[in-house]
Amino acid sequence: MPELIEVESYRQAADRVVGRTVRAVVAPDAWFLKGGATPSVVTAAVERRTVVGTGRRGKLMWLDLDDGVQLGLRFGMTGRIVVDGFGPIDALEYGPSRQDPAWDRFGLEFVRGGRLVLSDPRRLGGVELDPDLSRLGPEASTVTRKELTVALGSSSAPLKAALLDQSRLAGVGNLIADETLWRAGMDPARPAGGLDADDVAALARTLRSTVRLLTRRGGSHTGDLQEQRHRSGTCPRCGEPLERRTVGGRTTYSCPAEQG
DNA sequence: ATTGTGGCCTGCCCGC
DNA sequence: TGCGGGCAGGCCACAA
């Protein structure tokens with residue numbers, strides 16, 4: 001699913017449309033528009049505007065328009081971006097591998113040709129004008145020890161739940177969370193606020209290095225733990241059967257021997 | 001305020 | 001072969 005790694009590749013793909021002027025907004029699915037927006041409102045705000053830049057924080061990306069409006073794009077679990085017919089990612093983990101125009105939930109057509117399309121079979125993503133960036137925590141791929149200390153605070157919530165909370169830390173989804181905690185040797189269910197300073201520093205380092213590694217390998221689904229994410233999976237390091245449970249409301253795999 | 005839960009959405013896979 | 005239930009998880013509303 002699109003975690004920050006995939007969304008960053010979407011943002012880079014969207015860089016192709018910087019400098020282009022929007023000829024038409026295609027919004028066939030009003031439900032996909034969030035924050036009270038309607039097709040006519042989005043059309044009025046975006047048509048005839050020129051894209052002057054792109055940005056991303058966590059799993060949210062946006063297009064900067066020349067009137068200062070930001071067009072926010074969210075991808076949920078199965079959302080993909082296609083620019084001029086090409087998508088940086090062909091098939092998402094847990095998503096269908098085929099294409100279907102019926103899944104095009106939103107699009108921009110440009111004056112001199114070309115288009116940007118958001119395809120999302122399960123409709124868990126969305127489009128929003130001027131998304132509230134202040135609701136997002138610091139970017140996970142570059143998180144510092146100090147930022148993570150603040151993010152975890154003295155919370156009694158499970159450590160994994162804190163990592164998944166986009167207002168604490170932006171960009172981590174279920175797969176990066178499990179892979180990172182496995183690499184750090186930390187129990188996903190331990191209280192987030194229970195880490196000492198050394199633990200927090202180690203976790204911040206592991207977060208950054210895990211995102212870097214998975215980016216190099218090609219996505220959030222390329223972790224070592226991922227191939228054992230099934231009911232009879234074993235720890236890739238020690239061979240112990242993995243534990244499968246729900247933590248933070250999400251299916252969680254961990255090694256009971258190494259992540260105590 | 002913080003934490004936990006359920007529901008949204010729908011394609012796909014498994015077992016009957 | 002067709003069918004139905006369960007599953008996947010990002011995000012949000014809501015409850016305690």
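Below, chains carry the letters A, B, ... as their sequence lines are ordered, and counting in each starts from 1.
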Apart from [X] itself, which Ile, Leu, Val, Met, Phe, Trp or Tyr residues share its cluster (side-chain heavy atoms under 4.5 Å, direct or through members)?
X         : result
Val111(A) : none
Trp182(A) : Leu225(A), Leu242(A), Tyr253(A)
Leu133(A) : Leu60(A), Trp62(A), Leu136(A)
Val150(A) : none

So which one's nearest nucleotide on DNA chain B is more toward 5', Ser155(A) or Trp31(A)?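 Whichever sits nearer the 5' end wins; that is Ser155(A).
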Ala157(A) vs Trp103(A), nearer the 5' end of DNA chain B by closest nucleotide: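 Per heavy-atom nearest nucleotide, the more 5' residue is Ala157(A).
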For [Y], does its backbone N or O pair with a side-chain atom of [X] as donor and acceptor, under 3.5 Å?
X         : Y         : result
Thr222(A) : Gly219(A) : yes
Gln70(A)  : Asp64(A)  : no
Glu258(A) : Cys255(A) : no

Taking atom types as modelled and ignoring hydrogens, do the side chains of Thr251(A) and Arg229(A) form a donor-acceptor contact shorter than 3.5 angstrom?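 There is no such pair between these side chains.
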Reading nucleotides 11-16 of chain C from 5' to 3' and marking B where a protein heavy atom lies under 4.0 Å of the base, S where only the sugar-phosphate is that close, and - otherwise, the string is BS----
Would you please name every residue forming a ring-ring contact (aromatic ring centres under 6.0 Å, His included) with Phe75(A), sequence neighbours left out?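 By the ring-ring contact (aromatic ring centres under 6.0 Å, His included) rule, Phe75(A) matches Tyr10(A).
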Report for the helix from dT2(B)-dA16(C) to dC16(B)-dG2(C): angle between first-end and last-end helix axes, five pairs each, rounded to 10 degrees.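 One end's axis against the other's: 40°.
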Heavy atoms under 4.0 Å, any strand shown: does Pro158(A) hit a base, just sugar-phosphate, or nothing?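 Touches sugar-phosphate only.
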With Arg212(A), which residues qualify under side chain to side chain donor-acceptor pair (under 3.5 Å), at least two apart?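 None.
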Segment of DNA chain B, first to last nucleotide, that comes within the 4.0 Å heavy-atom reach of chain A: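 In short, chain A contacts DNA chain B from dT3(B) to dC12(B).
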My understanding is that only residues two or more places apart in sequence, or in another chain, count here; which of them pass salt bridge (charged side-chain N to carboxylate O under 4.0 Å, His left out) with Asp104(A)?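 Testing Asp104(A) for salt bridge (charged side-chain N to carboxylate O under 4.0 Å, His left out), a comparison that skips the adjacent residues, returns none.
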Pairs flagged by side chain to side chain donor-acceptor pair (under 3.5 Å) wherever residues 194-208 of chain A is involved - sequence neighbours left out: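 Applying side chain to side chain donor-acceptor pair (under 3.5 Å) to every pair that reaches into residues 194-208 of chain A, excluding sequence neighbours, yields Arg190(A)-Asp199(A).
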Name the pairs: protein N/O against N/O of nucleotides 6-8 of chain C, kept only if under 3.5 Å.
| from | atom 1 | to | atom 2 | distance (Å) |
| --- | --- | --- | --- | --- |
| dA8(C) | OP1 | Arg244(A) | NH2 | 2.7 |
| dA8(C) | OP2 | Thr251(A) | OG1 | 3.3 |
| dA8(C) | N3 | Arg122(A) | NH1 | 2.8 |

Which value, rounded to the nearest 0.5 Å, describes the distance between Lys160(A) atom NZ and Thr180(A) atom OG1?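 That separation rounds to 10.5 Å.
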